[in-house]
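Here's the structure we're looking at; comments come further down.
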Amino acid sequence: MRWLLAAIVLVLSVATSAAARAPQISVDEPRAFGYFLGDVLSRRITVRLGAGQELDSASLPRPGPLNYWLEISRVDHAEKSEGDATVHTLDLTYQTFYTPLDPRRLTIPGVKLKLQDDSELTVPEFSFITSPIRQLFASASQSTGSAVDLQADLPAPRLMTGTERTALLVSALSALIGLIGLAWHYAWWPFNKRPARPFTEASRYLRLNAAKLDGVGGYRDALLRLHRAFDVAAGRRVLADDVPSFLGQHPEFERLRSGIERLFVASRRAFFANDVEEARGEMPVSELVALSSELGAAERRAS
Amino acid sequence: MAREEGVLAVRNLQTAELSGWRERALELEKEVGKVIVGQQRVIRLLTIAIFARGHVLLEGDVGVGKTTLLRAAARGLGGAYERVEGTIDLMPADMIYHTYIGEDGRPRVEPGPVIRYGGDLTVFFFNEINRARPQVHSLLLRLMAERSISAFNREYHFPYLLVFADRNRIEREETFELPAAARDRFLMEINIATPAEPEVRRVLAFDPRFHDSDRLIEAVPSGMVDHRELPGVAAAIQRTIETSPDLERYTLDLWQAVRAPDSAGIEIDDVDMQRLVIGGASPRGMSYLLRAARVSAWLDGRNMVVPEDLRAVFFETMAHRIFLSPIYELRRDAIVQELIKQLFARVPAP
């Protein structure tokens, strides 16, 4: 309504004093009552300048404190031309920090705008009524003993996270699929199918338990470990007579032929001739350990 | 009486003599190998059977030398030799009694092929055994298991007897499958295949020496091994060659794995391993297996049985004692071969 009124006045004034070309100023004010501490007031000032008139932009107000209770928090300036005239729109946002003890009228001071020809335009001051937000003497709270009853905090609003969760799942899934594909491509675990290293394992066991394997039972255990390693390497059970064919299939161990043959002779003596002592004399545990580490080394070189 | 002689022989036999016997066994193997070329493994198995005192069934194609091999081995063994042809009209009585009309026109009954030589009968060679009727197979059961027979109201004992039989696998018409009980009494069932090596094939086809099998067999010196001492030697071998607790455990593992192949992790294509084996691998079979394995160890010059010995004789001593579910019987050969191959590939030794 006020806009309409201002427009009519403007149109009338333009119509009646078009020849004067005097700068015209109109202010669109906010309501003049019902403000509290920290509230914001917006004023829109419209300045219509005739041809040849120009606003001195240095005279525009700047954001910042005006006095101890008022602050300009924001200044928006826009300009557009309408025919010969130029229309400046100035949006001023004020914030009041006044703490009134009773409803009170305060005044925002007027603004002086300068034109290039040193003439001044005055934006009128604006007064509004501000009120306290609490009673002057608060009744003492029985529970806290405080003079002021603080309002309870608002409960934190719940954030809607469904979209984010779905997005997280989708991206995690696609990352996983990508990782699996990459692992497959580069033959990482578990797609590596790296051949087992039975001799390396047997060698590790023998080396770590060399002291424990010195007895009769331990010697048998050591031989069994080596037998199982041969079995795994060959993919079948390797008996003493199979040693040549085993070496034919695994030429990497050919260098150790004599040691392997001695091992099988000792094993045959220990297991099938009931003569563990003699077998230990023939090939003591230390030699088993040495042979197993050589086998392990040969196996690692080959793979 | 003959049995007592055997026991005495065992007592008297020294280890040194055993090694002498081993020389003779290898000699016999070599001489037979000159007659039957390209079959070293079969000849070795036959030698094992002879020294394990076990009966042998040979099978294979026609004309691969089954009969020649058995005749050559019988000649090397010496002792009385009898041969019977399996025919569809052969009856048990024909093997025991010989009936004819005498010159004076009276019917006569005389001992037939089995009892003609009495206790001295060493090799009883049954040719084409699957052509004989089941009645004849039943007669063989007792002859093989107990080495004795009843005739003329008395018992005949054959302490040196070895039954060699052969059959061909090609023909099925007018033949009778051997009952399981009879097959179980053979120590080994040996399959003879045509030699694969080109050189052996060339010699067999072109060398005139192999054209006349009678003269060929005469090349084997007769009686290289004294058949009367064989039971004693065989018992001494069984007593001398040792088996360790580990080998016993291994043998029992093998036995268990044959009876329950799925528990040993054996897998054969298109075969439900839980239903495959329905029986067999009898205790007698296992004792035969150990007998043969001991002889194999002895022939290799060892005084202990090792897993290789079991493996060398396992197929021939055990394959025919494994009874499969009927739906797998038609594919029997392939399945049993794969079963035993995997058995030795999977059961850990020692």
Side-chain angles (χ1 to χ4, degrees), chain A residues 196 198-199 201-202 205-206 213 215-250 260-280 282-283 285 288 292, chain B residues 15 40-41 44 48 239-258 261 264-268 289-290 293-315 337-350:
Chain A
F199 288 116
E201 278 171 33
Y205 178 84
L206 259 62
L213 297 177
V216 170
Y219 187 76
R220 288 168 52 97
D221 189 24
L223 287 176
L224 282 179
R225 287 274 168 174
L226 282 169
H227 274 301
R228 292 297 89 83
F230 274 103
D231 293 349
V232 172
R236 59 180 202 284
R237 305 293 169 185
V238 179
L239 307 182
D241 286 359
D242 303 335
V243 169
S245 73
F246 173 78
L247 290 177
Q249 283 168 358
H250 297 268
I260 295 172
E261 279 168 356
R262 281 183 58 214
L263 166 75
F264 276 91
V265 168
S267 150
R268 192 177 259 192
R269 195 171 289 282
F271 288 111
F272 302 119
N274 287 328
D275 206 349
V276 180
E277 286 306 325
E278 183 120 341
R280 282 172 73 195
E282 240 170 50
M283 194 160 188
V285 170
L288 291 183
S292 72
Chain B
T15 317
Q40 284 83 358
R41 185 176 143 74
R44 165 55 61 102
I48 291 174
R239 204 192 39 181
T240 316
I241 307 297
E242 291 171 5
T243 55
S244 73
D246 286 298
L247 186 102
E248 283 160 16
R249 184 197 51 74
Y250 178 58
T251 314
L252 295 177
D253 285 352
L254 287 177
W255 192 5
Q256 178 60 29
V258 166
I266 297 173
E267 282 174 5
I268 302 175
L289 170 69
L290 259 295
R294 282 201 173 93
V295 177
S296 168
W298 172 71
L299 281 176
D300 274 351
R302 267 181 276 109
N303 61 353
M304 59 188 170
V305 181
V306 295
E308 286 89 332
D309 296 319
L310 293 175
R311 192 170 61 179
V313 298
F314 197 90
F315 186 81
Q337 255 176 23
E338 181 64 22
L339 176 69
I340 291 178
K341 188 180 144 209
Q342 289 205 26
L343 185 70
F344 282 93
R346 302 223 185 246
V347 177

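Just so it is clear: chains get the letters A, B, ... in the order the sequence lines come, proteins before strands, and each one is counted from 1.
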Q: Step through the shown structure and confirm whether more than 12 heavy atoms of other residues, nucleotides or ligands are within 6.0 Å of CD on A/Glu261.
A: yes

Q. Is the side chain of B/Ser244 donor-acceptor paired with the backbone N or O of A/Phe271 at a distance under 3.5 Å, no angle test?
A. yes

**Q.** Interatomic distance, B/Gln342 atom CD to A/Arg236 atom CZ [nearest 0.5 angstrom]
**A.** 13.0 Å

Q) Looking at A/Val238, A/Asn274, A/Asp231, which makes the most heavy-atom pairs under 4.5 Å with chain B? A) A/Asn274

**Q.** Side chain, backbone, both or neither of A/Leu224 within contact of chain B (heavy atoms, under 4.5 Å)
**A.** side chain

Q) So A/Asp242 and B/Arg311, salt bridge (Lys or Arg N to Asp or Glu O under 4.0 Å) or not? Walk me through it. A) CA-CA 11 Å; A/Asp242 303 335; B/Arg311 192 170 61 179; 2.6 Å; yes

**Q.** Contact class of A/Ala240 relative to chain B, heavy atoms under 4.5 angstrom
**A.** both

Q) Between B/Val347 and A/Arg237, which heavy-atom pair has the shortest distance, and what is it? A) O-CG, 3.2 Å

**Q.** Distance in Å, B/Asp300 CG paired with A/Asp241 CG, rounded so as to fall on 0.5 Å steps
**A.** 7.5 Å

Q. Less than 4.5 Å apart, any side-chain heavy atom of B/Pro348 and any of A/Arg228?
A. yes

Q) What distance do A/Arg268 atom CZ and B/Asp246 atom CG have between them, rounded to the nearest 0.5 Å? A) 13.5 Å

Q. Going from CG on B/Asp309 to CZ on A/Phe272, what distance comes out if it is rounded to the nearest 0.5 angstrom?
A. 10.0 Å

